[in-house]
Amino acid sequence: MRRRLGVRQVSTETQRRLGKTGGFLYGVTGLAGVQAAVAGADELVHAGLLAAISVLAVVVGFSILLLVHLVGDEVLDRLFAPLVLVMLPAAAPLITLALYGAGSSFTVGTITYMIAPIFAVYLFSRSAAVGFLAAMGVQYAVLVSVQDGLAAPTAQWVYLMSLMVATAALVGTFIDRADQLAHSEREARAALAVANEMLEGRVEEQVGELDRLGRLRRFLSPQIAEAVLSAGDDDVLAPHRREIAVLFSDLRGFTGFAGRVEPEEVLDVLHDYYRAVGEVVRAFDATVGHFDGDGVMAYFNDPVPCEDPAGRAVEMALALREAMAGLCQQWSAMGYDLGFGTGIAFGHATLGVIGFEGRSDYTPLGTVVNLGSRLCDEAGTGQVMIDQRVRAAVRDRFPTDYVGDLPLKGFSAPVPAYEVR
């Protein structure tokens with residue numbers, strides 16, 4: 001245990017409890033002494049001395065109680081050690097003088113004389129406590145030698161002092177252990193509070209990440225949303241230019257089909273279509289731009305960089321063609337005349353969040369997007385139509401056929417188009 005001026009350093013709560021106890025003992029002893037002095041004024045030889053000492057004890061006791069209640073924790077912590085060094089050693093001579101003035105009738109004073117060593121053993125260092133007990137023993141020896149009413153054999157005096165030391169040591173040990181446990185509890189609570197604060201901060205951070213992840217997943221595949229989230233901010237979604245490969249796909253004959261069948265059948269077809277498209281999109285980590293009826297737009301190289309965006313787009317188109325071939329056979333067996341076409345373009349686009357509060361999409365804008373959409377419109381069932389830049393990027397890996405220079409809406413000159421076989 002740390003000590004200040006030879007006095008144990010205890011918590012503020014313990015300081016207040018000890019102060020209240022000490023002040024109460026001073027006050028009660030003083031009041032009892034005053035009562036004894038008044039009751040035995042005619043019989044006691046030194047009634048005036050008892051009364052003076054008792055009044056002083058009352059004043060000291062109530063002053064201690066008032067001080068403990070009024071001062072703040074920091075002030076009490078600074079005053080505690082000096083007060084103990086003054087008030088506890090002063091208790092012994094005051095009690096001795098009070099007993100001298102009271103003779104053998106001052107019972108409360110005698111009990112307090114027995115309690116004082118307990119405080120000494122608990123609050124002082126062991127050597128200081130032994131010195132305090134020795135001083136009290138000497139005072140008691142002098143008292144029994146000059147006071148006829150308290151005269152006692154030497155053996156009784158030795159027994160009394162031994163009992164005082166043993167009781168003080170035993171009680172002091174228990175109090176010391178209790179204070180250690182209280183100190184350990186306070187440290188554990190403080191550590192738990194720090195851990196809780198750290199945990200709350202971590203939980204708040206994770207909740208924020210989950211919220212951002214949920215918002216990102218509205219327009220990104222889960223893998224890409226998590227990659228964007230790992231950047232730590234939304235700067236990656238700010239408007240910017242980047243070279244991307246854009247893929248458009250939609251169903252052939254869907255408009256006429258939707259006008260001939262029931263809405264439930266249309267929804268069943270779209271459900272199967274989007275499920276197939278979604279599986280391929282997730283498999284290739286493509287960024288989804290939007291869904292529009294039976295049309296889907298996806299792209300590569302943003303917001304997560306892709307080493308071969310054009311090649312990835314063609315691979316995804318071929319995987320889609322294979323998946324949709326099975327679906328188209330099922331629809332044909334049900335009497336639905338539906339096909340599937342794809343268009344891919346490669347070039348620079350401006351990307352960013354577009355929309356209004358409460359509803360927005362992260363999407364690319366530019367000529368390359370329009371070109372991919374127009375090539376998709378030109379694609380027949382099972383065709384994967386690509387522009388000249390896509391062909392240049394993938395011709396060593398995928399065989400292509402020249403379709404021709406197509407007059408596309410929104411383009412002033414015909415655009416060379418190719419089909420991936």
Criterion salt bridge (Lys or Arg N to Asp or Glu O under 4.0 Å) on K409 and E378, from CA distance to verdict: CA-CA 11 Å; K409 183 179 179 180; E378 295 294 328; over 6 Å; no
Side-chain donor-acceptor contact under 3.5 Å, Y336 with Q330: no
Test log, rule salt bridge (Lys or Arg N to Asp or Glu O under 4.0 Å), inputs D73 and R78: CA-CA 9 Å; D73 291 348; R78 289 197 299 268; over 6 Å; no
Heavy-atom pair with the smallest gap, counting every atom of A317 and T342: CB-CG2, 3.9 Å
Derivation of the side chain to side chain contact (heavy atoms under 4.5 Å, CB included) call for V280 and R321: CA-CA 10 Å; V280 176; R321 182 166 65 182; over 6 Å; no
Backbone N/O of D302 and side chain of T287: donor-acceptor pair under 3.5 Å: yes
Pair T381-R252, side-chain donor/acceptor within less than 3.5 Å: no
Between D77 and Q15: side-chain donor-acceptor atoms closer than 3.5 Å: yes
Salt-bridge present (R16, E13; N to O < 4.0 Å): no
Test side chain to side chain contact (heavy atoms under 4.5 Å, CB included) applied to L18 and F80, step by step: CA-CA 10 Å; L18 290 172; F80 182 72; 3.9 Å; yes
Exam field: side chain H271 to backbone L267, donor-acceptor pair closer than 3.5 Å: no
Note: E419-R391 ion pair, threshold 4.0 Å (strictly below): no
